[in-house]
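Report on one structure; see the data block that follows.
Source: prediction; values computed, not measured. Every heavy atom of this structure was used, including side-chain atoms; hydrogens, water molecules and symmetry mates were not. Chain letters run A, B, ... following the sequence lines, proteins first and then strands; every chain starts at 1.
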Amino acid sequence: MALLEIRNLHVTVEDKPILKGIDLSIDKGEVHAIMGPNGAGKSTLSYIIAGRDGYEVTDGQILFDGKDMLELEPDERARAGLFLAFQYPVEIPGVTNTTFLKTALNSLRKGRGEGELDAMQFLKFVREKARPLGIGDEMLKRAVNVGYSGGEKKRNEILQMAVLEPVLAVLDETDSGLDIDALKIVADGVNALRSPDNATLVITHYQRLLDYIVPDRVHVLADGRIVKSGGKDLALELEAKGYAQFSSAEAA
Amino acid sequence: MAVTPETIDQLRSVTDEKYKYGFVTDIDADVAPKGLSEDIVRFISAKKEEPEWLLDWRLKAYRAWLEMEAPEWAKLNIAPIDYQDAYYYSAPKIGDGPKSLDEVDPKLLETYEKLGIPLKEQEWLAGVAVDAVFDSVSVATTYKARLEQEGIIFCSISEAVKNHPDLVKKYIGSVVPYTDNYFATLNSAVFTDGSFVYIPKGVRSPMELSTYFRINAQNTGQFERTLIIAEEGSYVSYLEGCTAPQRDENQLHAAVVELVALDDAEIKYSTVQNWYPGDENGVGGIYNFVTKRAACRGRNSKVSWTQVETGSAITWKYPSCILQGDNSVGEFYSVAITNNRQQADTGTKMIHLGRNTSSTIISKGISAGRADNTYRGLVRIQPKAEGARNYTQCDSLLIGDKCGAHTVPYIESRNPSAKVEHEATTARISEDQLFYCRQRGISQEEAVSLIVNGFCREVMQHLPMEFAVEAQKLVGISLEGSVG
């Protein structure tokens, strides 16, 4: 059984069809990439997996570990092991990174029937996760994403991922706005978390990120459908030829 | 204070004189008849064995009150209050009189335990001394001996009237005169108990002083009177916490708090108020009309008010500072949360009289459900307040689309050298923030609590540690169900 199984998924936003029959199957231990032009429905796919309001599933299903994911609230999906690295991480004024992460981790641990970490245990744990990402105590004490640079925000997303140890991580345009050094740090962070027990879905416009996070499978999403799937070479082909070949006239 | 046999005897001797005042009271009941009259004022004063001057003061207040009208300027929708349909004195049953905490009615202790009020020895280690007010009579005061060593007086105001009449006479009504306003005047006539604190010259209180108020008996108005005096160079941090059980009838609460800070003295006064706010349809709940005022009389004196208001159906409260001494400092840090049908009209007044006086106001109003939340503040710079400064920041957070947030700042500057700054923001709790939190595994209600606590952080960090934790929990509890 695949870890994530998306079958014939149709999604509308304000009655406008965005996803028009997606099929996707990801096994544990795999990294998949979804590439596509702007407006193809990439972010919609990540939001519908995470359970954001405002999207209507008109047909199809999403199974996570064999369970109907669409029945679950966003926080229940997170507790089941889903993580979404946001394209635009959200600012939460007055809430320190440490408080936020500790609250999140302890929610997940409670969901798994594990004891909560106290402040000291958590601090030790989070520092270990933060060091490789170049995140020091100063950044841990700052309010979540407030006043962060683009690169800091993305590194912070990867820190959250490292702390929460998801079974399936969806990275939504994690490379956008990153310079090459930041991109490497982020990619190293993601690669360090790869294991036979988890899977990653990388959503991106550019091939660049896939030089560093090498996918097992690449899918092309255009106009709400997966129009082509292949190995990692498909990404290089797209880089060379562009998306025009897949786009319908009105979407181009 | 522990209720002593002497107290019982005193009560007996007073109640034996019942006929003198022209009405009959059930001796065991320790409840004055319903309603308000000069006889009731005399009854309360007699019960408390007060000196003549205090009875006179109460009667003057009562007569003044008869001539006054309830204020209507606040943005509050209040049903008319029938002051004759309430009890103005009730004491808990005290039986044979407990000699120590062990002998206090276990039911009382149980209630306090539920409220998390520390009465036992281990709380001594936590550094908190408690003067618990159950309805109108102080039931227990702990750690008095430790404070006495420092010369600190911390007792009920009734005790202070008996044991320290000169201090009480000198300061009571000196900050909030009995003619001050409708509710303060009512309080002056019928106040039943409250706390008294006196910090001698140069003494720093070795612990946080704490009073938990509790409203219990049905239909009992609560009229506490608190008086804190900080002598030259002294320091005290005072915590006031309030809870009340659920009930259906509105209860009136009109407290008066007076603070006096002399040269180089500092008073930090923190409140967490979570009285019953009424149900989601606005039925029941406490009416809270409080007059809190501090006189920074001395040079370099400082008073800091920190309040977290989550309870009451109606809150009418403006803790203020009169900055009389040169270089004196006034601070007001406030979180006011209203949910369902709650209404809060709260803020502060900073009256700058002395030179180089400065004040800071940070107000965070959170409104959810169909609630209305108003910040109302006055910053007044008088002509002699050379170099006075004020900084005011009022932030409002809205949850949902049926609530209201209002900011009504009044600024009056009569000295050209004064600097007054005012900033105000209004924001909505965003879907993006909620979704972000929930995607990390945090439940909807926990997410609201987290975001709101973040919004309030600048205020919360001014609360003493042990209070801050309780306050953070309260924020979450009071907003339960506010996001659908």
Taking the side chain as every heavy atom from C-beta outward, state whether [X] and [Y] have any atom pair closer than 4.5 Å.
{"X": "A:Glu91", "Y": "B:Ser430", "answer": "no"}
{"X": "B:Arg457", "Y": "A:Thr96", "answer": "yes"}
{"X": "A:Asp75", "Y": "B:Ile442", "answer": "no"}

Hey, which of [options] has the most heavy atom pairs under 4.5 Å with chain B?
{"options": "A:Thr99, A:Asp53, A:Leu82", "answer": "A:Leu82"}
{"options": "A:Ala78, A:Ala80, A:Pro89, A:Pro74", "answer": "A:Pro74"}
{"options": "A:Val144, A:Asn106, A:Leu108, A:Val95", "answer": "A:Val95"}
{"options": "A:Lys110, A:Glu157, A:Glu73, A:Arg77", "answer": "A:Glu157"}
{"options": "A:Tyr47, A:Tyr88, A:Phe83", "answer": "A:Phe83"}

Heavy-atom donor-acceptor pair, B:Arg440 side chain to A:Ala104 backbone, under 3.5 Å
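Side chain of B:Arg440 to backbone of A:Ala104: no pair is present.
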
Taking A:Leu84's backbone N and O only, do any of them form a donor-acceptor pair with B:Gln439's side chain (distance below 3.5 Å, no angle check)?
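It does hold such a pair.
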
For the [atom1] atom on [X], are there more than 12 heavy atoms of other groups (residues, nucleotides or ligands in this structure) within a distance under 6.0 Å?
{"X": "B:Glu431", "atom1": "CD", "value": "no"}
{"X": "A:Asp15", "atom1": "CG", "value": "no"}
{"X": "A:Lys42", "atom1": "NZ", "value": "yes"}
{"X": "A:Arg109", "atom1": "CZ", "value": "yes"}

Tell me, for [X] versus chain B, whether the close heavy atoms (under 4.5 Å) come from the side chain, the backbone, both or neither.
{"X": "A:Glu76", "answer": "neither"}
{"X": "A:Leu164", "answer": "side chain"}
{"X": "A:Pro166", "answer": "neither"}
{"X": "A:Leu105", "answer": "neither"}
{"X": "A:Arg52", "answer": "both"}

Which atom names give the shortest non-hydrogen contact between A:Ala50 and B:Phe435, and what distance separates them?
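Answer, listing the atom of A:Ala50 first, then B:Phe435: CB-CZ, 3.7 Å.
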
Below 30° counts as parallel, above 60° as perpendicular, anything between as tilted: where do the rings of B:Tyr436 and A:Phe100 land?
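Judged by the thresholds at 30° and 60°, the geometry between B:Tyr436 and A:Phe100 is parallel.
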
Go through the atoms of B:Cys437 and report whether side chain, backbone, both or neither lie under 4.5 Å from a heavy atom of chain A.
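Both parts, heavy atoms under 4.5 Å.
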
Contacting region of B:Glu446 [heavy-atom separation from chain A under 4.5 Å]
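Just the side chain, heavy atoms under 4.5 Å.
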
